[in-house]
Amino acid sequence: MKIYDRIYDFVKEKNKGNIFRNGMHKTKRVQFILKLLKEYNIPYHLDQFELDNNTNAFNIILKGKSDKMVVAHHDIVNPLSDNANDNSCSVINAIAVKIARPDINVVLLDGEEYGGIGSRRVSKQIKEGKIFKNIKYVLNLELTGKGGENFFIGNYPGKLYDHIKSLFDCPVYNTPFNDSVIFRQHGIDSVVINPLPITDKKTNCIYKENYLDTSLLWLCHSMSDSVDKISVTDMEVFVENVVLKILEC
């Protein structure tokens, strides 16, 4: 079984709710991720930090020796949904990146849905240089369950933005809040990346003369964000043909 197929197991693990409803102990989703990392013999550091007297947050750090970082948030809002595209698939894809490129720093973030709690902590750790040193950029995986090689990036100018545009000439969007906003607030170059499938309907997102199906973006936090809406084949194509190519240089 490929790592991408584990999305079907991951979406079955349900948290109590958003980060402030999960209490002090590791959520079921965090527990699943840690078991998966052990299964693939991937060393990790669980960065547990207290938000208030009744809540802990959990960033999962997969340390590498490179100056590049890939992140994906693991927290959710709707405890009943599969949360497949937002953002379970990106967690699996980030782990796939680590398997393919052990040198890459990968962090699975908590609290994106509530203002980027986990990314604020990682930003501080990067700036302090104690855990991460000389990070050149942070590539943020969001809603990466379907679309494969067809994707857009957030409108976050910088060297990473220029690098991705030089490789793919992909469309650029003004995106809603995501963890890249927090990294950039701390002076860390970061871009969010989001694949979308091709559709016959006209949309305002066009890549290589194809319309991309932006309706997937509106499934977030709803019961419609189900695992049948994503594609493990597209997940693999996205990682292998897009993410890893970006990380080559």
Side-chain angles (χ1 to χ4, degrees), residues 1-11 29 32-33 36-37 39-44 60-74 82-109 112 136-154 160-161 163-171 175 178-180 190-198 207-208 210 212-213 216-217 225 227-249:
M1 178 183 294
K2 292 185 177 180
I3 181 66
Y4 305 98
D5 294 312
R6 301 308 297 274
I7 184 68
Y8 297 110
D9 300 318
F10 187 28
V11 298
R29 284 170 63 84
F32 177 88
I33 294 168
L36 190 60
L37 295 173
E39 180 181 328
Y40 280 86
N41 296 312
I42 300 174
Y44 66 84
I60 304 170
I61 298 173
L62 316 180
K63 190 78 171 61
K65 295 182 179 180
S66 81
D67 56 0
K68 301 157 192 171
M69 180 180 288
V70 171
V71 300
H73 75 86
H74 63 74
D82 284 345
N83 298 287
N85 202 37
D86 182 24
N87 199 30
S88 300
C89 56
S90 298
V91 171
I92 298 296
N93 286 342
I95 295 171
V97 169
K98 187 65 177 179
I99 292 171
R101 289 283 306 272
D103 62 309
I104 299 296
N105 295 285
V106 172
V107 184
L108 307 176
L109 299 166
E112 186 270 352
K136 182 165 67 173
Y137 63 69
V138 177
L139 182 64
N140 179 21
L141 308 187
E142 274 278 7
L143 285 66
T144 60
K146 198 167 186 179
E149 294 183 353
N150 304 294
F151 68 95
F152 69 84
I153 59 173
L160 177 56
Y161 173 101
H163 173 54
I164 297 173
K165 288 289 289 180
S166 70
L167 291 174
F168 298 101
D169 195 27
C170 56
T175 58
N178 61 84
D179 283 313
S180 287
S190 183
V191 170
V192 64
I193 186 168
N194 187 159
L196 289 174
I198 294 173
Y207 185 28
K208 296 180 180 178
N210 293 309
L212 302 188
D213 187 2
L216 237 63
L217 303 175
D225 188 9
V227 75
D228 61 296
K229 304 291 197 316
I230 60 94
S231 163
V232 292
T233 299
D234 283 7
M235 289 168 62
E236 182 172 9
V237 168
F238 174 69
V239 170
E240 298 292 330
N241 296 355
V242 177
V243 178
L244 293 181
K245 186 172 182 180
I246 292 170
L247 296 171
E248 283 178 0
C249 55

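Here the structure is a predicted model, which means the values were calculated and not measured. Starting from 1, each residue takes its place in the sequence as its number.
Side-chain contact between Asn83 and Val11 is absent, with no heavy atoms from C-beta onward closer than 4.5 Å. Two residues are said to be in side-chain contact when any heavy atoms from C-beta on lie closer than 4.5 Å; Met235 and Thr144 fail this criterion. Inter-residue side-chain proximity for Val191 and Ile164 is flagged as met; some heavy-atom pair is nearer than 4.5 Å. In this structure, Cys170 and Phe152 have side chains that are not in contact, with every pair of non-hydrogen atoms separated by 4.5 Å or more. Within the 4.5 Å cutoff, the side chain of Leu216 has no heavy atoms near those of the Leu143 side chain. When side chains are defined from C-beta on, Ile3 does not count as touching Asn93, because their heavy atoms never get closer than 4.5 Å. At a threshold of 4.5 Å between non-hydrogen side-chain atoms, the residues Leu160 and Ile246 count as touching. Side chains of Val107 and Leu62 form no contact here, defined as non-hydrogen atoms less than 4.5 Å apart.
Of the candidates Val71, Ile60, Asn140, Leu109 forms a side chain to side chain contact (heavy atoms under 4.5 Å, CB included) with just one, namely Val71.
Closest non-hydrogen pair, Asn150 versus Tyr207, comes out as CA-CD2, 3.6 Å. Taking every heavy atom of both residues into account, Gly148 and Val242 meet most closely at O-CG2, 4.1 Å. Asp82 approaches Arg29 most closely through the heavy-atom pair O-NH1, 4.5 Å. Scanning both residues, Cys249 and Tyr137, for their nearest heavy atoms gives O-OH, 3.7 Å. Between Ala96 and Val239 the shortest heavy-atom distance is CB-CG1, 4.4 Å. Closest approach of Leu141 to Asn87, counting heavy atoms only: O-ND2, 3.2 Å.
We find the NZ-CG distance between Lys146 and Asp213 to be 8.0 Å, quoted to the nearest 0.5 Å. Between Leu139 atom CG and Ser180 atom OG the span is 7.5 Å, to the nearest 0.5 Å. Here the SG atom belonging to Cys89 is positioned 12.0 Å from the OH atom belonging to Tyr4, to the nearest 0.5 angstrom. Here CZ of Arg6 is found 7.5 Å from CD1 of Ile92. Values are rounded to the nearest 0.5 Å. Between Arg101 atom CZ and Leu247 atom CG the span is 6.0 Å, to the nearest 0.5 Å. To the nearest 0.5 Å, atom NZ of residue Lys98 and atom CD1 of residue Ile104 are 7.5 Å apart.
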> Given His73 and Asp86, is the side chain to side chain contact (heavy atoms under 4.5 Å, CB included) satisfied, shown in steps?
Replying inline: CA-CA 9 Å; His73 75 86; Asp86 182 24; 3.2 Å; yes
>> Run the side chain to side chain contact (heavy atoms under 4.5 Å, CB included) test on Ile33 and Tyr44 for me, step by step, so that the C-alpha distance in whole Å, both residues' side-chain angles and the decisive distance to 0.1 Å come before the verdict.
In response: CA-CA 10 Å; Ile33 294 168; Tyr44 66 84; over 6 Å; no
>> Quick one, Lys2 with Asp5, criterion salt bridge (charged side-chain N to carboxylate O under 4.0 Å, His left out). Give me CA distance, side-chain angles, the key distance, then yes/no.
In response: CA-CA 6 Å; Lys2 292 185 177 180; Asp5 294 312; over 6 Å; no
>> With salt bridge (charged side-chain N to carboxylate O under 4.0 Å, His left out) as the criterion, how do Asp225 and Lys229 come out once you've worked through the C-alpha distance, each side chain's angles and the decisive distance to 0.1 Å?
In response: CA-CA 7 Å; Asp225 188 9; Lys229 304 291 197 316; over 6 Å; no
> Do Ser88 and Ile7 pass the side chain to side chain contact (heavy atoms under 4.5 Å, CB included) test, and can you show the C-alpha distance, the side-chain angles, and the key distance before you say yes or no?
Replying inline: CA-CA 7 Å; Ser88 300; Ile7 184 68; 3.6 Å; yes
> Taking it one step at a time, do Lys245 and Glu240 satisfy salt bridge (charged side-chain N to carboxylate O under 4.0 Å, His left out)?
Replying inline: CA-CA 7 Å; Lys245 186 172 182 180; Glu240 298 292 330; over 6 Å; no
> Given the rule in the side chain to side chain contact (heavy atoms under 4.5 Å, CB included) test, do Ile153 and Tyr161 qualify, once you have shown the distances and angles that lead to the verdict?
Replying inline: CA-CA 8 Å; Ile153 59 173; Tyr161 173 101; 3.9 Å; yes
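Between the side chain of Asn105 and the main chain of Lys68, a donor-acceptor pair closer than 3.5 Å is present.
In this structure, a donor-acceptor pair under 3.5 Å is absent between the side chains of Asn194 and Glu142.
The distance between the ring centers of Phe151 and Phe168 falls below 6.0 angstrom.
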